[in-house]
A.B. asks: 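Here you go, one structure.
Any value given below was found using the heavy atoms of this structure, including those in side chains, with hydrogens, waters and symmetry copies removed.
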Amino acid sequence: MTMETEMQGGCLCGALRYSVSAMPFDADHCHCRMCQKSTGAVIGSWMDFLIEQVTWLCGKPSEYASSDTTRRGFCSTCGTSISFRDTGHPTYYTLSIASLDNPNLVAVKYHIHTDNQVKWLTIEDPIPRYSGSRS
């Protein structure tokens, strides 16, 4: 991806808009209870960038400290869950894949925290699964 073909995304109401200048260096489906509760969905699908690759075009997310090191970003107008920051990794910035204008541009590489995956959802994809975090 080049600067001319940057991806863009934003929240449901349009108060938050961003562009990214590169493809994510990582992407995953997270099944942890915190992602489930913060997104209101049974899976959080996230993509990781270097902080300098993300530009906020309109607004900036409000943040909620869901743990000592985790900041979850959301739109204060419509409530869209849009970002995730781990203060232990200050050079990384994580965005929701679903917030992209075209979420089909990013494929996830693995599932994490599958011990918390809801039992009624069967996902039959070929990517690796980790019962907890990947590390």
Side-chain angles (χ1 to χ4, degrees):
M1 174 169 289
T2 66
M3 293 295 267
E4 294 81 34
T5 58
E6 70 187 15
M7 293 187 294
Q8 291 192 6
C11 67
L12 179 63
C13 73
L16 302 178
R17 292 288 302 160
Y18 65 83
S19 70
V20 291
S21 61
M23 290 301 286
F25 66 82
D26 211 355
D28 65 75
H29 289 308
C30 183
H31 299 267
C32 80
R33 288 297 294 147
M34 290 182 82
C35 280
Q36 290 171 347
K37 288 182 174 258
S38 73
T39 64
V42 295
I43 300 170
S45 298
W46 303 101
M47 54 186 176
D48 299 321
F49 299 91
L50 297 176
I51 200 161
E52 63 268 12
Q53 295 171 324
V54 178
T55 302
W56 289 99
L57 304 171
C58 182
K60 286 201 174 180
S62 297
E63 289 190 330
Y64 170 70
S66 60
S67 73
D68 289 342
T69 61
T70 301
R71 305 297 178 264
R72 294 179 182 272
F74 61 95
C75 175
S76 60
T77 302
C78 67
T80 297
S81 177
I82 201 164
S83 65
F84 177 99
R85 286 189 314 112
D86 181 336
T87 59
H89 298 280
T91 61
Y92 298 173
Y93 200 84
T94 301
L95 292 166
S96 163
I97 294 172
S99 70
L100 282 170
D101 293 344
N102 183 357
N104 289 307
L105 294 173
V106 175
V108 298
K109 298 177 181 179
Y110 52 89
H111 293 261
I112 56 175
H113 299 285
T114 57
D115 281 355
N116 295 313
Q117 181 174 336
V118 294
K119 304 298 182 217
W120 47 261
L121 178 64
T122 302
I123 302 172
E124 296 181 10
D125 60 28
I127 61 177
R129 287 164 166 71
Y130 300 92
S131 60
S133 67
R134 217 176 63 162
S135 47

A.B. asks: If you round to the nearest 0.5 Å, how far is NE2 of His111 from CD1 of Ile123?
C.D. replies: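 With rounding to 0.5 Å, CD1 (Ile123) is 5.0 Å from NE2 (His111).
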A.B. asks: Evaluate salt bridge (Lys or Arg N to Asp or Glu O under 4.0 Å) for Arg33 paired with Asp115, printing each intermediate quantity in order.
C.D. replies: CA-CA 10 Å; Arg33 288 297 294 147; Asp115 281 355; over 6 Å; no
A.B. asks: So Tyr18 and Ile82, side-chain contact (heavy atoms from CB on, under 4.5 Å) or not? Walk me through it.
C.D. replies: CA-CA 10 Å; Tyr18 65 83; Ile82 201 164; 4.0 Å; yes
A.B. asks: What's the shortest heavy-atom distance between Leu95 and Tyr93, and which atoms?
C.D. replies: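 Heavy atoms only, the tightest pair is CD2-CE2, 3.6 Å.
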A.B. asks: According to a 4.5 Å side-chain heavy-atom criterion applied to Ile, Leu, Val, Met, Phe, Trp and Tyr, with indirect links allowed, do Val20 and Trp56 form part of one hydrophobic cluster?
C.D. replies: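 Result: yes, single cluster for both.
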A.B. asks: If I take atom CG from residue Leu16 and atom OG1 from residue Thr77, how far apart are they, to the nearest 0.5 angstrom?
C.D. replies: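 The CG atom of Leu16 sits 7.5 Å away from the OG1 atom of Thr77.
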A.B. asks: Between Thr87 and Arg71, is there a side-chain heavy-atom distance shorter than 4.5 Å?
C.D. replies: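 A side-chain contact under 4.5 Å exists here.
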A.B. asks: When you measure from the side chain of Ser99 to the backbone N and O of Ser96, does any donor-acceptor pair fall under 3.5 Å?
C.D. replies: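 Pair found, side chain donor or acceptor close to backbone of Ser96.
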A.B. asks: Tell me the closest heavy-atom pair linking Asp101 and Gly10, and the distance in Å.
C.D. replies: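 Distance-wise, the nearest heavy atoms are OD1-N, 4.4 Å.
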A.B. asks: Is the backbone N or O of Asn116 less than 3.5 Å from a side-chain atom of Gln36, with the two atoms forming a donor-acceptor pair by type?
C.D. replies: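 Judged by distance alone, yes, a pair lies under 3.5 Å.
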A.B. asks: Please name the pair of heavy atoms, one in Gly73 and one in Glu63, separated by the smallest distance, quoted to 0.1 Å.
C.D. replies: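 Heavy atoms only, the tightest pair is CA-CG, 4.2 Å.
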A.B. asks: Evaluate the side-chain proximity of Asp26 to Tyr92: yes if any heavy-atom separation is below 4.5 Å, no if none is.
C.D. replies: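 A side-chain contact under 4.5 Å is absent here.
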A.B. asks: So for atom CG, which belongs to Asp68, do other residues, nucleotides or ligands contribute more than 12 heavy atoms lying within a distance under 6.0 Å?
C.D. replies: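 No - once you tally the heavy atoms of other residues, nucleotides and ligands closer than 6.0 Å, there are 12 at most.
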A.B. asks: First locate atom OG of Ser19, then atom CG of Leu100, and finally report the distance between them rounded to the nearest 0.5 Å.
C.D. replies: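 Rounded to the nearest 0.5 Å, the OG-CG separation comes to 11.0 Å.
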A.B. asks: Pair up each side-chain donor or acceptor in residues 38-55 with any protein partner under 3.5 Å, not counting sequence neighbours, and list the distances.
C.D. replies:
from: Ser38; atom 1: OG; to: Met34; atom 2: O; distance (Å): 3.2
from: Ser38; atom 1: OG; to: Cys35; atom 2: O; distance (Å): 3.4
from: Ser38; atom 1: OG; to: Arg72; atom 2: NH1; distance (Å): 3.2
from: Thr39; atom 1: OG1; to: Cys35; atom 2: O; distance (Å): 2.7
from: Thr39; atom 1: OG1; to: Ala41; atom 2: N; distance (Å): 3.2
from: Ser45; atom 1: OG; to: His29; atom 2: ND1; distance (Å): 2.7
from: Asp48; atom 1: OD1; to: Thr94; atom 2: OG1; distance (Å): 2.6
from: Gln53; atom 1: OE1; to: Leu50; atom 2: N; distance (Å): 2.9

A.B. asks: Which distance, rounded to the nearest 0.5 Å, do you find between the CD1 of Ile112 and the CZ of Arg129?
C.D. replies: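 It is 13.0 Å, given to the nearest 0.5 Å.
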A.B. asks: Can you confirm whether Lys109 is buried at NZ, in the sense that more than 12 heavy atoms of other residues, nucleotides or ligands lie under 6.0 Å from that atom?
C.D. replies: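 Result for NZ/Lys109: enclosed.
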A.B. asks: How long is the straight-line distance from CD1 of Ile97 back to CG of Asn102, given to the nearest 0.5 Å?
C.D. replies: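 The CG atom of Asn102 sits 12.0 Å away from the CD1 atom of Ile97.
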A.B. asks: Can you measure from CD (Gln8) to CG (Leu105) and round to the nearest 0.5 angstrom?
C.D. replies: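 Between atom CD of Gln8 and atom CG of Leu105 there are 11.5 Å.
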A.B. asks: By the rule that ILVMFWY residues connect when side-chain heavy atoms come within less than 4.5 angstrom, directly or transitively, which residues belong alongside Phe74?
C.D. replies: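 Besides Phe74, the hydrophobic cluster comprises Tyr64, listed by chain and residue number.
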A.B. asks: Okay, side chain of Thr80, backbone of Leu12: is any donor-acceptor separation there less than 3.5 Å?
C.D. replies: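 At least one qualifying donor-acceptor pair exists.
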A.B. asks: Provide the closest heavy-atom pair for Cys75 versus Ala15 in the form atom of the first, atom of the second, distance.
C.D. replies: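 Of all heavy-atom pairs spanning Cys75 and Ala15, the closest is SG-CB, 4.0 Å.
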